[in-house]
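None of the values given here were measured: they were computed from a predicted structure. Per chain, numbering begins at 1; letters A, B, ... match sequence-line order.
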Number of protein chains: 2
Amino acid sequence: MPAQVNVVSGKLTIDQNFSVSLSGAGARDERVVHAVDRIFPAIYRIAGIPILPHVVPANQDAVLNIVVESADHRAPQKLGDNERYSLTVTQSHIRLSADAPLGALRGIQTFLQLIQQNTGAGSEPGFSVPDVSIQDSPRFPWRGLCLDVSRHFIPLDGVKRTLDGMEAVKLNVFHWHLSDDQGFRVESRRYPQLQRLGSDGMYYTQAQVRDVLAYARERGIRVIPEFDMPGHVTSFLPGYPVLGAGNGHYSIARGNGVLNDLFDPTKESTYRFLDGFIAEMTKLFPDEYFHIGGDEVDPKQWNDNPAIQSFMQKHQLADAKALHTYFNQRLLKIVTKNHKHMEGWDEIYQPNLPKSIVIQSWRGQKSLWQAARDGYQGILSAGYYLDLMYPASYHYSIDPMKPPIPAPRNGDNDDESKPNNTPMTFDLTPAQQKLILGGEAGMWEELVTSENLDTRLWPRLAVIAERLWSPESLDDIPSMYRRLEVTSRWLQAIGTTQRWTSESMLQRLAGTMPYAPLQAFSSVLEPVKGYSRHAEQYNILTPLNRLVDAIMPESDAAREFRNNVDTYVAGTHNPANSQALRASLTRMAQSVTAVRPLLQTNSLLKEDIAVADSLDALCSVGQEAIAVLDGTHDAKLSSGANDQVASAAKPQADMLIMIAPGIRKLVDAAQSASH
Amino acid sequence: MPAQVNVVSGKLTIDQNFSVSLSGAGARDERVVHAVDRIFPAIYRIAGIPILPHVVPANQDAVLNIVVESADHRAPQKLGDNERYSLTVTQSHIRLSADAPLGALRGIQTFLQLIQQNTGAGSEPGFSVPDVSIQDSPRFPWRGLCLDVSRHFIPLDGVKRTLDGMEAVKLNVFHWHLSDDQGFRVESRRYPQLQRLGSDGMYYTQAQVRDVLAYARERGIRVIPEFDMPGHVTSFLPGYPVLGAGNGHYSIARGNGVLNDLFDPTKESTYRFLDGFIAEMTKLFPDEYFHIGGDEVDPKQWNDNPAIQSFMQKHQLADAKALHTYFNQRLLKIVTKNHKHMEGWDEIYQPNLPKSIVIQSWRGQKSLWQAARDGYQGILSAGYYLDLMYPASYHYSIDPMKPPIPAPRNGDNDDESKPNNTPMTFDLTPAQQKLILGGEAGMWEELVTSENLDTRLWPRLAVIAERLWSPESLDDIPSMYRRLEVTSRWLQAIGTTQRWTSESMLQRLAGTMPYAPLQAFSSVLEPVKGYSRHAEQYNILTPLNRLVDAIMPESDAAREFRNNVDTYVAGTHNPANSQALRASLTRMAQSVTAVRPLLQTNSLLKEDIAVADSLDALCSVGQEAIAVLDGTHDAKLSSGANDQVASAAKPQADMLIMIAPGIRKLVDAAQSASH
């Protein structure tokens with residue numbers, strides 16, 4: 001949603017006469033020139049209209065006239081680069097004005113998003129853009145996605161597709177989590193054993209990295225590499241065991257969770273390695289920031305290692321935290337020597353660090369705001385982890401400038417967000433507020449693969465993008481969901497694959513049979529929330545080909561059901577008002593009947609028979625409760641209704657039946673009514 | 001379907017212990033080594049099981065043991081290279097034996113195709129391969145696809161995806177139709193104005209061509225370039241007008257159909273150009289065959305050009321056909337000088353050509369067999385043009401060694417194939433039969449784009465592939481359709497996009513609304529057949545974004561309905577037998593009701609309101625006819641039933657309602673019954 005929109009009546013037709021002119025001091029910027037070239041194939045994808053590229057000289061009239069007032073510094077894109085634009089559509093012309101190149105890129109996306117099929121009586125077959133006047137600029141200058149490519153590798157095409165989607169929703173930072181215990185994912189020429197022994201052959205060559213950097217730059221996206229240290233470093237150690245604080249025998253981690261392996265921060269050889277490694281990587285990645293991770297340091301190896309203990313005594317380092325600070329101070333010197341600002345997770349926030357660092361907060365607003373009070377820049381990631389399968393409404397409610405709301409829990413009676421019990425007060429001065437640069441969504445890949453990545457990113461990433469771009473005042477959840485549905489279709493026209501991916505994985509589960517029954521049945525299911533699935537016995541080679549992996553993180557059908565229950569329970573109970581609810585329960589029960597033969601036949605679906613039983617039970621209990629509320633003659637609740645709902649609301653096969661909270665409301669209401 | 005299959009009980013589990021060994025004199029062939037590397041990601045796509053590549057030395061035991069008896073010549077792949085293999089699966093091991101590298105590639109595809117989810121009571125969750133013994137080799141050595149990339153350009157990813165699908169169904173010739181009136185699609189370094197002025201910027205660089213050549217070679221597919229001449233050459237002429245026989249002012253053709261422009265075969269400069277051009281292109285493309293087109297020469301420009309007429313008189317060339325022969329003789333010398341065999345369409349078949357040429361027959365078995373009687377090699381393409389939207393059953397019935405059946409017509413009462421009225425006799429001697437090398441499917445792109453290519457190719461191309469690989473005796477149409485449905489899903493697991501493409505185009509038509517109602521409504525529609533749509537006013541920039549472009553060429557639902565009608569009409573007429581028919585007509589009528597708001601709102605769908613009206617009418621008439629046949633009290637046919645069916649069976653919005661022939665059968669039966 002742009003900062004200001006004014007829609008007037010009328011529209012401009014998009015057809016084969018479409019043309020673009022480009023003028024202003026910033027018009028020669030390669031990003032703008034290429035973005036204009038990309039408009040034509042984008043219109044083809046969106047509207048199916050093939051238009052030969054038609055860019056006219058600046059002084060000639062075109063359908064879309066782009067003015068870029070000024071050029072900016074050449075490269076790389078910097079934090080705070082101007083993204084403002086205005087877009088005016090009249091019946092014959094479109095004018096897109098931007099202060100600088102990035103604004104033109106953002107405005108082009110808004111223009112493309114406005115292309116829609118003509119509708120209504122008497123409309124000509126074709127596409128048009130509504131007459132509109134838009135003034136737009138972002139609320140925060142740092143709007144990112146942190147993509148973990150270590151736990152499961154994401155090949156180049158997945159990275160590029162993600163950048164395409166990010167451009168469409170105006171995100172501007174791609175934070176590339178390139179190393180972790182489970183894999184080191186970038187070619188080092190100086191230390192080639194890193195990728196040879198640390199990647200299972202799955203890494204980006206430096207040529208591929210440059211390709212991604214150029215691809216991101218063209219889309220107005222900064223790329224910040226992260227090499228997490230001194231923890232999360234297991235994949236460095238098979239190639240360079242001398243770096244480790246442990247026993248010297250290392251292999252790539254297969255399991256998940258926080259592992260023990262740490263760098264040894266007491267050896268000079270560690271810093272010699274980092275000196276060479278960081279010199280190479282800071283040259284490869286042009287952004288002014290360099291992310292060194294720094295999170296989740298389990299001090300066991302340091303505490304168990306006599307040489308490290310004696311070093312700590314000698315240097316009066318009281319504990320592991322002090323040793324970590326010592327490491328960070330040394331690291332900071334190396335990063336600074338290579339002309340980069342250091343970025344890291346909450347844990348790097350220690351005394352005596354320069355004010356140029358950026359702290360990425362996975363702990364939340366409390367630590368983010370404290371850092372700002374102390375004069376440090378920060379970005380928020382807590383509440384934005386998309387791999388935890390929370391609904392879009394939760395992420396939309398998280399704001400870097402507002403107290404957090406608690407995350408939905410598994411098997412809750414009510415998965416709607418509740419106000420926080422321990423209130424926090426937002427008390428930052430305007431100067432401190434400026435230090436809150438924005439936020440980053442997180443996509444950790446323990447349970448996400450290159451196959452189902454798009455289903456986990458999209459469309460929910462779009463609501464975080466809107467939270468970080470659009471005015472703070474936007475908080476209408478139903479409006480968000482309506483627009484999100486349209487946006488998800490738009491993203492798929494652009495090239496993201498969430499729906500298709502989910503359907504192909506359902507097809508695999510259905511085997512040689514059609515997957516439609518499985519799709520209908522699973523349309524009210526969601527994967528379990530938070531970290532409960534992570535606690536199971538997984539490793540990075542475990543097949544993620546079950547129903548929980550195929551379904552979308554959020555069920556639209558179940559949300560609609562719960563909303564309908566709320567309306568019904570709050571209103572007058574009678575058969576006319578309950579008709580739609582009863583019909584949807586009937587359809588769900590029918591979907592259970594239809595899918596049973598598949599669940600009983602296909603081995604990967606057997607674990608879902610229990611889910612089908614529970615859904616069936618919920619449908620029956622729901623029908624009973626409605627009958628009671630409607631006052632149907634002789635209607636009563638089965639004696640075990642509460643137990644049935646409680647049991648069906650629990651995770652099964654790592655999934656939740658998302659109509660369960662709605663059924664509980666019906667049962668509660670029916671029980672109150674009959675008392 | 002392999003040549004010989006013997007399935008026994010039992011199965012071999014495919015899990016993370018999967019490994020491959022490779023032995024024999026042909027095991028070091030790069031195609032085999034890389035095909036083995038590709039097995040692991042293929043298993044991931046098919047089964048969702050991540051397996052780290054595990055190839056053990058030849059003398060060690062593995063799950064899949066591949067033996068390649070002998071190496072063959074290095075490169076390029078040649079016509080007739082040995083493709084035989086045998087595959088034996090027991091409960092613990094798989095043995096794949098091939099005479100030579102290509103057989104190993106074919107056998108690997110068969111192995112991958114056998115991977116299926118465990119099913120049945122007591123089966124472990126996972127995937128396996130059934131115990132089986134297969135002996136397999138192809139019926140024909142030339143099994144191809146001719147892909148037109150001139151009328152609509154197909155970018156590199158579309159070409160590679162097509163090659164992936166071709167490998168899966170064991171096709172071995174990619175015939176690349178690289179130039180035609182509407183576009184010249186390959187970079188020439190010697191004559192760069194060809195692509196500069198003849199391609200609208202849409203062409204393959206030589207590096208991209210080499211990439212495709214390598215990609216195809218790894219998949220056991222020969223690549224044969226076609227540069228069509230002396231007709232279909234308009235796109236050569238903007239860059240090199242001196243080549244033309246016309247007025248000297250040329251631009252790329254935008255319209256479709258056979259155009260006038262011809263090379264001037266009387267100028268020595270034409271042959272100097274061809275000498276340089278063919279030298280360059282025969283170096284770029286390594287296959288031993290070089291396709292010079294030669295079809296559809298409209299002699300107008302030759303007849304109208306005084307210089308050409310005087311040349312013909314001087315050289316005693318009686319007519320345009322004689323001049324075409326003269327041109328071909330000169331061309332043959334150039335092709336031969338560059339160590340290639342010449343290939344061309346029917347029209348090149350003229351006296352005095354060497355026996356090494358290959359004639360590609362778009363005219364049919366008659367001319368193919370005549371050429372064979374005269375000692376010439378040939379391949380069949382007539383009956384295999386997938387862009388004409390015929391059903392799979394038609395293409396499956398076309399055989400290079402059998403008389404053709406007539407193609408289905410638009411609006412036929414009965415679209416089932418009928419026996420030919422003018423019988424042809426297959427009378428080739430065994431030696432002549434050997435000259436029939438196989439066939440090629442054709443995909444002409446006048447009305448097909450890079451967007452909907454997969455919907456037009458797949459899955460129907462698979463039945464042509466089976467016709468050319470599998471034993472001639474296979475002719476069970478219901479079995480073919482059952483297997484085709486499974487194969488279509490398998491191809492999509494491999495990477496073809498037919499279903500997704502169709503759904504995204506339906507989504508575009510549905511705009512911001514869900515596309516499910518449009519999908520249900522259009523599920524009994526098909527594009528018009530043959531050339532009737534080509535006759536309309538199209539050019540290559542016409543948007544192909546209508547419903548006819550989005551739907552699949554063949555409706556499974558309508559075929560099933562027609563089959564059910566046949567069973568019902570042939571059997572006892574009573575409500576028990578008609579129940580399914582009546583229910584499906586009810587569903588179709590409901591789909592019309594559900595889709596109407598969309599058709600009335602969205603401008604691109606307005607033309608389909610008439611189709612919806614017709615479908616509605618067909619459903620009503622069908623219900624009436626069934627009621628009459630069932631003997632329902634008071635049932636009668638509306639007086640206009642015949643007219644309604646006749647009108648609804650006609651093409652509307654370039655589509656056919658494919659239940660119309662079934663409804664006509666019901667009406668006919670009802671009318672006979674009431675007489």
Worksheet entry | Working for side chain to side chain contact (heavy atoms under 4.5 Å, CB included), residues A:Phe184 and A:Ile252 | CA-CA 9 Å; A:Phe184 183 92; A:Ile252 307 172; over 6 Å; no
Roughly how far, to the nearest 0.5 Å, is the [atom2] atom of [Y] from the [atom1] atom of [X]?
X: B:Arg587; Y: B:Ser591; atom1: CZ; atom2: OG; result: 10.0 Å
X: A:Lys11; Y: A:Gln116; atom1: NZ; atom2: CD; result: 9.5 Å
X: A:Ile115; Y: A:Ile14; atom1: CD1; atom2: CD1; result: 5.0 Å

Quick check: do [X] and [Y] have side-chain heavy atoms less than 4.5 Å from each other?
X: B:Arg483; Y: B:Pro459; value: no
X: B:Ile39; Y: B:Phe18; value: yes
X: A:Leu547; Y: A:Leu518; value: yes
X: B:Asp164; Y: B:Tyr215; value: yes

Fill in: Under 3.5 Å donor-acceptor, A:Gln182 side chain and A:Gly255 backbone
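Confirmed, A:Gln182 side chain pairs with A:Gly255 backbone.
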Worksheet item: Distance-only, no hydrogens or angles: does the A:Ser603 side chain make a donor-acceptor pair with backbone N or O of B:Glu124 under 3.5 Å?
Response: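 Yes; at least one donor-acceptor contact below 3.5 Å.
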Taking every non-hydrogen pair under 4.5 Å, which of [options] racks up the most with chain B?
options: A:Asp549, A:Asp15, A:Thr601, A:Leu544; value: A:Thr601
options: A:Met202, A:Glu607, A:Arg45, A:His152; value: A:Arg45
options: A:Leu604, A:Asn545, A:Asp200; value: A:Leu604
options: A:Pro514, A:Gly511, A:Ala121; value: A:Pro514

Item to complete: Evaluate the side chain to side chain contact (heavy atoms under 4.5 Å, CB included) criterion for residues B:Glu445 and B:Val149: first the C-alpha distance (whole Å), next the side-chain angles of each, then the deciding distance (0.1 Å), finally the verdict.
Response: CA-CA 7 Å; B:Glu445 301 268 334; B:Val149 297; over 6 Å; no
Worksheet item: So A:Trp500 and B:Trp500, would you call those rings parallel, tilted or perpendicular, with 30° and 60° as cut-offs?
Response: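 Aromatic pair A:Trp500/B:Trp500 classed parallel.
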Contact origin within [X] toward chain A - heavy atom pairs under 4.5 Å:
X: B:Tyr515; answer: side chain
X: B:Ile51; answer: neither
X: B:Pro53; answer: neither
X: B:Arg546; answer: neither

Discussion item. With chain A as the partner, which of B:Gln117, B:Met513, B:Glu485, B:Gln600 has the greatest number of non-hydrogen pairs under 4.5 Å?
Written reply: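 Counting heavy-atom pairs under 4.5 Å, the top option is B:Gln117.
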Fill in: Choice from B:Asn602, B:Thr512, B:Val486 maximising heavy atom contacts with chain A below 4.5 Å
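The candidate making the most pairs under 4.5 Å is B:Asn602.
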Considering heavy atoms only, which positions within [range] lie below 4.5 Å of chain A?
range: residues 447-456 of chain B; answer: B:Thr449, B:Ser450, B:Glu451
range: residues 502-510 of chain B; answer: B:Glu503, B:Gln507, B:Arg508, B:Leu509
range: residues 490-499 of chain B; answer: B:Gln492, B:Arg499

Discussion item. Please determine whether a side-chain nitrogen of the Lys or Arg among A:Arg559 and A:Asp556 lies less than 4.0 Å from a carboxylate oxygen of the Asp or Glu.
Written reply: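 Yes, this pair counts.
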Practice prompt. Applying side chain to side chain contact (heavy atoms under 4.5 Å, CB included), run through A:Phe127 and A:Ile43 and close with a yes or a no.
Written response: CA-CA 10 Å; A:Phe127 289 79; A:Ile43 292 177; over 6 Å; no
Discussion item. Side chain to side chain contact (heavy atoms under 4.5 Å, CB included), that's the test. Do B:Arg185 and B:Phe153 meet it? Break it down for me.
Written reply: CA-CA 8 Å; B:Arg185 303 302 184 193; B:Phe153 184 62; 3.6 Å; yes
Practice prompt. Please name all residues satisfying side chain to side chain contact (heavy atoms under 4.5 Å, CB included) with A:Asn539, sequence neighbours left out, ordered by chain then number.
Written response: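 Once residues adjacent in sequence are excluded, the partners of A:Asn539 under the side chain to side chain contact (heavy atoms under 4.5 Å, CB included) criterion are A:Arg254, A:Leu541, A:Thr542.
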Worksheet entry | Heavy atoms from other residues, nucleotides or ligands near CD of A:Gln16 exceed 12 (cutoff 6.0 Å) |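 Yes, because the 6.0 Å sphere around CD of A:Gln16 holds more than 12 heavy atoms from other groups.
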Worksheet entry | A:Glu560 atom CD: more than 12 heavy-atom contacts under 6.0 Å |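 Result for CD/A:Glu560: open.
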